[in-house]
Amino acid sequence: VVEKPYVERILAAHREGTPAVNLHCAMHSYRWGDFRNAVEPGAENAGWYEMLGVQSTGHGPQAPIRVEFLETEHALTKGLEDWTTFNEELYNSLRVFSRTSPLIRGVQTVPPNKKVLEADPTVKGKESAEVIAWTNEYGPKKTKIFCTSLGHNNETVGDDRYLDLVVRGLLWTTGNLTDDGKPVAAYLKK
């Protein structure tokens, strides 16, 4: 989506305090101008990335991603353990904005291309590491934003570990997650 007025209407709600949970393609679906290079804060095309907290321009190949928790004491990640996804896309994190708190990074081994392998069949893949889940405080009201770039394939979206992370993100953004990573009492099963 490249229509700035359309995107501005979405951003206005979040500037005014409506929290957001952004998954996978939301990371780079609203962009225009020179988005292949890191945008400067306040730039004409920076609004979407400032709301997300991270600027992404694309992703690598379909391959498993090692999910590594950077912040284990945050309510969103408390008690969660590292794991490895099925085939998934590792989005780049070209710029991480100042109000962003990276929670999880993904590490993916990118296999060498066919030409490189033909020249040297012993060449190993190259590891790539990127931020894959984070929180952000957006706008003057420091609106709570949660994002994860995971979620391309059904196997990931159906994984209980992924679903737990997304549910915690939703609860956290709406003020319904306790510091120990549990839903507030009103959301507990009886």
Side-chain angles (χ1 to χ4, degrees), residues 1-32 35 39 41-57 59 67 69-80 88-89 91-106 130-152 156-189:
V1 175
V2 297
E3 294 85 13
K4 187 177 177 184
Y6 178 85
V7 175
E8 278 299 320
R9 285 193 300 274
I10 297 169
L11 294 175
H14 301 305
R15 276 193 297 273
E16 290 303 311
T18 301
V21 172
N22 299 284
L23 308 175
H24 192 58
C25 280
M27 301 316 134
H28 55 246
S29 291
Y30 301 91
R31 60 187 181 188
W32 56 86
F35 60 83
V39 298
E44 185 270 334
N45 64 337
W48 188 254
Y49 301 125
E50 289 173 330
M51 185 273 294
L52 295 175
V54 170
Q55 178 188 357
S56 175
T57 61
H59 57 77
V67 175
F69 290 85
L70 300 170
E71 178 58 62
T72 58
E73 293 304 310
H74 192 285
L76 261 159
T77 58
K78 194 144 202 157
L80 300 181
E88 191 57 52
E89 297 171 341
Y91 280 39
N92 65 22
S93 42
L94 188 60
R95 176 182 291 280
V96 177
F97 288 85
S98 63
R99 288 185 174 176
T100 301
S101 297
L103 301 176
I104 306 171
R105 79 177 184 154
E130 302 287 346
V131 175
I132 60 171
W134 61 91
T135 61
N136 186 32
E137 295 178 338
Y138 176 63
K141 295 188 177 186
K142 296 184 178 179
T143 304
K144 286 183 170 185
I145 308 292
F146 168 73
C147 302
T148 181
S149 59
L150 292 176
H152 181 79
T156 301
V157 174
D159 189 303
D160 287 344
R161 297 165 293 195
Y162 174 82
L163 292 169
D164 191 17
L165 178 67
V166 172
V167 167
R168 285 179 182 220
L170 182 61
L171 291 170
W172 178 82
T173 59
T174 59
N176 291 299
L177 188 67
T178 65
D179 288 342
D180 64 352
K182 306 286 184 210
V184 296
Y187 287 92
L188 292 174
K189 286 185 179 179

Review point. Is Lys144 close enough and on-axis enough to Trp172, meaning under 6.0 Å and within 45°, for cation-pi?
Key: yes

Review point. Looking only at heavy atoms, which two atoms of Gly151 and His24 are closest? And how far apart?
Key: C-CG, 3.8 Å

Point to revise | Gap separating the CG atom of Leu188 from the OG1 atom of Thr178, nearest 0.5 angstrom | key: 8.5 Å

**Study point:** Met27 and Leu52, any side-chain heavy atoms less than 4.5 Å apart
**Key:** yes

Point to revise | Exercise: identify the closest heavy-atom pair between Thr148 and Val166 | key: CG2-CG2, 4.5 Å

Check your understanding: Could you walk me through whether His59 and Glu130 pass the side chain to side chain donor-acceptor pair (under 3.5 Å) check?
Key -> CA-CA 10 Å; His59 57 77; Glu130 302 287 346; over 6 Å; no

Point to revise | Short side-chain to backbone donor-acceptor contact, Arg95 and Val39, under 3.5 Å | key: yes

Review point. Rounded to the nearest 0.5 Å, what separation is found between the CD atom of Glu44 and the NZ atom of Lys4?
Key: 4.0 Å

Revision key, fill the gap. Checking Val21, Thr135, Thr173, Asn22 against Ile145 for side-chain contact (heavy atoms from CB on, under 4.5 Å), the one that qualifies is Asn22

Review point. Within the distance-only criterion (no hydrogens, no angle test), does the side chain of Glu50 pair as donor or acceptor with the backbone N or O of Gly139 below 3.5 angstrom?
Key: no

**Study point:** Closest non-hydrogen atom pair between Ser93 and Val54, with its separation
**Key:** CB-CG1, 3.6 Å

Exercise for review: Say whether, by atom type as modelled, one donor and one acceptor occur between the side chain of Glu71 and the main chain of Pro102 under 3.5 angstrom.
Suggested key: no

**Study point:** Distance (rounded to the nearest 0.5 Å) between Trp48 CH2 and His14 NE2
**Key:** 6.0 Å

Review point. So, do Tyr162 and Val67 sit near enough that their side-chain heavy atoms are less than 4.5 Å apart?
Key: no

Check your understanding: Taking all non-hydrogen atoms of both residues, which atom of Gln55 and which atom of Phe35 are closest, and how far apart?
Key -> NE2-O, 3.0 Å

Check your understanding: Would you say Asn176's side chain and Val184's backbone share a donor-acceptor pair under 3.5 angstrom?
Key -> no

**Study point:** His28 and Tyr91 aromatic ring geometry - parallel, tilted or perpendicular at 30°/60° bounds
**Key:** parallel

**Study point:** Between CZ on residue Phe146 and CZ on residue Arg168, distance to nearest 0.5 Å
**Key:** 10.5 Å

Check your understanding: Is the side chain of Ser29 donor-acceptor paired with the backbone N or O of Cys25 at a distance under 3.5 Å, no angle test?
Key -> yes

**Study point:** Any side-chain heavy-atom pair of Tyr30 and Leu11 under 4.5 Å
**Key:** no

Check your understanding: Does Arg161 come within less than 4.0 Å of Asp159, counting only side-chain N to carboxylate O?
Key -> yes

Review point. With Thr143, which residues qualify under side chain to side chain donor-acceptor pair (under 3.5 Å), at least two apart?
Key: none

